[in-house]
Protein chains: 4
Amino acid sequence: MAGGRPRESRVDHALTAATRELLAETGYAKLTVDAVAARAGVGKAAIYRRFATKQELVFSAVVHGVSVEVPPDAGSLEADLLAVLRDIVTSLSGPALTAIPGLLADVSVDPGRFEEIFIAGEQACLRAVLGRAVSRGELPEVPDVDVVHALLLGPVFVWLFLLRREEPPVELWASFVASSLRLPGNSGPSVGSA
Amino acid sequence: MAGGRPRESRVDHALTAATRELLAETGYAKLTVDAVAARAGVGKAAIYRRFATKQELVFSAVVHGVSVEVPPDAGSLEADLLAVLRDIVTSLSGPALTAIPGLLADVSVDPGRFEEIFIAGEQACLRAVLGRAVSRGELPEVPDVDVVHALLLGPVFVWLFLLRREEPPVELWASFVASSLRLPGNSGPSVGSA
Amino acid sequence: MAGGRPRESRVDHALTAATRELLAETGYAKLTVDAVAARAGVGKAAIYRRFATKQELVFSAVVHGVSVEVPPDAGSLEADLLAVLRDIVTSLSGPALTAIPGLLADVSVDPGRFEEIFIAGEQACLRAVLGRAVSRGELPEVPDVDVVHALLLGPVFVWLFLLRREEPPVELWASFVASSLRLPGNSGPSVGSA
Amino acid sequence: MAGGRPRESRVDHALTAATRELLAETGYAKLTVDAVAARAGVGKAAIYRRFATKQELVFSAVVHGVSVEVPPDAGSLEADLLAVLRDIVTSLSGPALTAIPGLLADVSVDPGRFEEIFIAGEQACLRAVLGRAVSRGELPEVPDVDVVHALLLGPVFVWLFLLRREEPPVELWASFVASSLRLPGNSGPSVGSA
DNA sequence: ATCTAACCGAGACGGTACGTCCTGTCTTTTC
DNA sequence: GAAAAGACAGGACGTACCGTCTCGGTTAGAT
């Protein structure tokens, strides 16, 4: 009823590392489970003991260590939003840059899991930042977080994955969003958050 | 030198229809070329005579009839932006909703083609709309189109493909973007358009 | 409802040849379907389009060209039996020598098919030979073919596959069987052939 | 230097029983070591501490209790041969019936071990029986034991494993072999026993 | 009225990856 | 130190899909 040999963390680390390397070298589409196993010096069974599909493996490797920290108070709504935007850019860079389109495409990856990692954390940060703005008196009340979040994350997404360009103009967007939020009539809760 | 049997338009229509049906039924990831051929009552060769890859087939079926019309003058920047946003939402609905994440993922799809259809047309509309705002005196000069485009398209993208929710709050975003663009200091060209 | 590309006989021949080569080089146990495909310059799908399992592939390669000819009248029962025995030895030599134990073990190979090739043909020859002996007056009546067949095939089987020795003493066994059959009381049909 | 926990005989018995059950239920080809361990309520290590390979495990379970006793003098060569034949049939029945083809196929099983149990013992019995016939005056000299042994074992083998029929006609074969051995010229040593 | 070239459905082809399974070994904790 | 439990590396299996190719046959426009 008890024990058995515990899983080796060596394997977990090797898998994460190998997946990220191959993601960088060959891209998501050409990444194969056999190649990951070979690179990690691991049997395929050890992979499928941990992840049900290739997508879960990649997902796990990509989200490993994505920050969910609320950025420190930067003094103003605009500066705070800029910090959130920079975090978003960071979380979409590195291995994620290569993997996310593929993960988004493969239905097999649990949308809930995806949302939880890439959306919920960011929304929590955003909520904190907007709360600070209310405390400061910059905003009369906390606007709908989903709407604002999409307004921040969306442009970065398009810039990186559709236009495939680097260095999204986050300062500009932070300024846009901050200024429009401060205008009267734009801040009230307006759609029902699901 | 000429001659040969002409292609049957029946085949083209059957392919578009079959592809859209299967996209709706099984999603992009589980769509197979054999299934499309079978559903369309067509040989695989007839498909590959028209499209070099599966991605082109899907792309063609999805973009078929996407509007690239500049919306009529609605009287104000905000109303014009709203019209552009609605066009964007329309172009991302229907079969495209299922197919776009997959197309985005498959590197094999020519990024240029994709950009041409889904980006360039929208940017042209946007440019016209922004030009009208300058004529009206709502804006001092035409802002960077890439930046504004990402600001419009991005939130819709996130809403539909990441949050997988329906009916994006386009009125809100149109209002946000219009008001922030009208603020002094936000409208100048600020990053080099590639 | 008709047509489609016909199967290439080149593939069939290449598969038979490759299977036999690998059987000789590595033995049945280490023979892999991938290796056969690679050696034959053939995709695995082409194999599994023809054979449901690895066993059927090997079986087909091994039985290819097994003779089922009734040997010419050699003048006496003993000489005829010797000829049948030599045919048996021949049919169990070559690739079959390596493959038969494995085929026998793998339940997946249809016992009926196996019997049909390796048993029925030999029994038909034997029946003819025994009939000739009756015509000659060497035997009063045709004995039970199953029983005599087992008496001929069995020792060869044991010699080759259990003792793993070469050159079974077929002359001796032919002589034994012929002389015992000729004795009164040994030739009548005694068990029900299934 | 000695000491430690002694091996539990419970494990040995459970292994033999589980192996035989699974042999009967699923056959040799589908028998897995994990299944044996699970059925026996035993860890795999306990198996591999006792047997080097799966084949040895099965072999051990199958040969457990195979008699190697020289049958008592039945009064005549034919009756003695019949007794030997019956012993052969017994040793090939039960779990062995399912396992032997598989054991024969897996080269990994030591041919020496196999020979020792299934061949040498029977040949010793046969040698004794033939010696008794010489003493009785039924035979002028002891014939080549390998040859006669193949003549006895072979037909049973074919009947059980190739034809997959039950109740081999041992009386018939005993009579055949006894009568042919008694004929002049058939009894001399004729091939070199390896 | 041919001839010819490109089309058509059907389906086999080489190749590649998938996810499952099994073997024999190793590593825990428990007795 | 043996036991049960179960993770480990390695590697074969049979399935599925892609994009190409080969059949026999059809359908235009050019001769």
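Lettering follows sequence order; numbering is per chain, from 1.
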Seminar exercise, completed: From the list B:Val33, B:Val58, B:Ile47, B:Val62, side-chain contact (heavy atoms from CB on, under 4.5 Å) with B:Thr19 holds only for B:Val58
Exercise. Base, sugar-phosphate, or nothing: which does D:Leu31 touch, judged by heavy atoms less than 4.0 Å apart?
Worked result: sugar-phosphate
Problem set entry | Pairwise 5' ranking along DNA chain F for B:Ala35 and A:Ala37, keeping only the more 5' one | A:Ala37
Exercise. Between A:Phe51 (CZ) and E:dC18 (C1'), how many Å, whole number?
Worked result: 17 Å
For this session: Tell me whether the OP1 or OP2 atom of E:dC7 has a side-chain N or O from B:Arg7 closer than 4.0 Å.
Result: yes
Problem set entry | Which nucleotide in F:dC8, E:dC7, E:dC18 has an atom nearest any side-chain atom of A:Thr32 | E:dC18
Exercise. Picking from F:dC13, E:dG19, E:dT28, which would you name as closest to the side chain of A:Thr53?
Worked result: E:dG19
Problem set entry | Atom pair CZ (C:Arg39) and CG (C:Leu31), whose distance is rounded to the nearest 0.5 Å | 10.0 Å
Exercise. Reckon C:Arg50 has a side-chain N or O less than 4.0 Å from the OP1 or OP2 of F:dG14?
Worked result: no
Exercise. Hey, does the side chain of A:Arg10 come within less than 4.0 Å of E:dC26's phosphate (OP1/OP2), counting only N and O?
Worked result: no
Exercise. When you match A:Pro6 and C:Asp12 each to their closest nucleotide on DNA chain E, which lands nearer the 5' end?
Worked result: C:Asp12
For this session: Pick base, sugar-phosphate or nothing for D:Leu57, based on heavy-atom distances below 4.0 Å to the nucleic acid.
Result: nothing
Exercise. So how far is it from A:Leu23 CG to A:Lys30 NZ, rounded to the nearest 0.5 Å?
Worked result: 14.0 Å
Problem set entry | Interatomic spacing from CZ in A:Phe59 to CZ in A:Phe51 - rounded to 0.5 Å | 11.0 Å
For this session: Would you tell me if any nitrogen or oxygen in the side chain of A:Arg49 comes within less than 4.0 Å of OP1 or OP2 on F:dC8?
Result: yes
For this session: Verify salt bridge (Lys or Arg N to Asp or Glu O under 4.0 Å) between D:Asp12 and D:Arg50, making sure each step is shown before the conclusion.
Result: CA-CA 9 Å; D:Asp12 298 83; D:Arg50 290 167 168 77; 3.1 Å; yes
Exercise. What is the distance, rounded to the nearest whole Å, between atom CG of B:Leu15 and atom P of E:dC7?
Worked result: 14 Å
Exercise. Given atom CG of C:Asp34 and atom P of F:dA16, what is their separation to the nearest angstrom?
Worked result: 17 Å
For this session: Send over the distance from B:Lys30 NZ to F:dT15 P, rounded to a whole Å.
Result: 19 Å
For this session: Between A:Val33 and B:Glu8, just flag the one whose closest nucleotide in DNA chain E comes earlier from the 5' side.
Result: B:Glu8
Problem set entry | CG on C:Leu104 to OH on D:Tyr28, rounded to 0.5 Å | 13.0 Å
For this session: Report yes if a side-chain nitrogen or oxygen of C:Lys54 is closer than 4.0 Å to either non-bridging phosphate oxygen (OP1 or OP2) of F:dC13; otherwise report no.
Result: yes
Exercise. For DNA chain F, what residues of residues 38-46 of chain C have any heavy atom nearer than 4.0 Å?
Worked result: C:Lys44
For this session: Output the single nucleotide from E:dC8, F:dC13, F:dC8 whose closest atom is nearest the side chain of A:Val11.
Result: F:dC8
For this session: Send over the distance from A:His13 NE2 to F:dA7 P, rounded to a whole Å.
Result: 18 Å
Seminar exercise, completed: In whole angstroms, the gap separating P of F:dG6 from CZ of A:Arg5 amounts to 14 Å
Exercise. Taking atom NZ of A:Lys54 and atom CG of A:Leu103, what is their separation to the nearest 0.5 Å?
Worked result: 10.0 Å
Problem set entry | Nucleotide E:dC8, atom C1' - distance to CD1 of B:Ile47 in whole Å | 13 Å
Problem set entry | Closest contact, heavy atoms only, A:Pro101 versus B:Ala105 | O-CB, 3.4 Å
Exercise. Of the candidate nucleotides E:dC18, E:dT23, E:dA10, which contains the atom at the shortest distance from the side chain of A:Tyr48?
Worked result: E:dC18
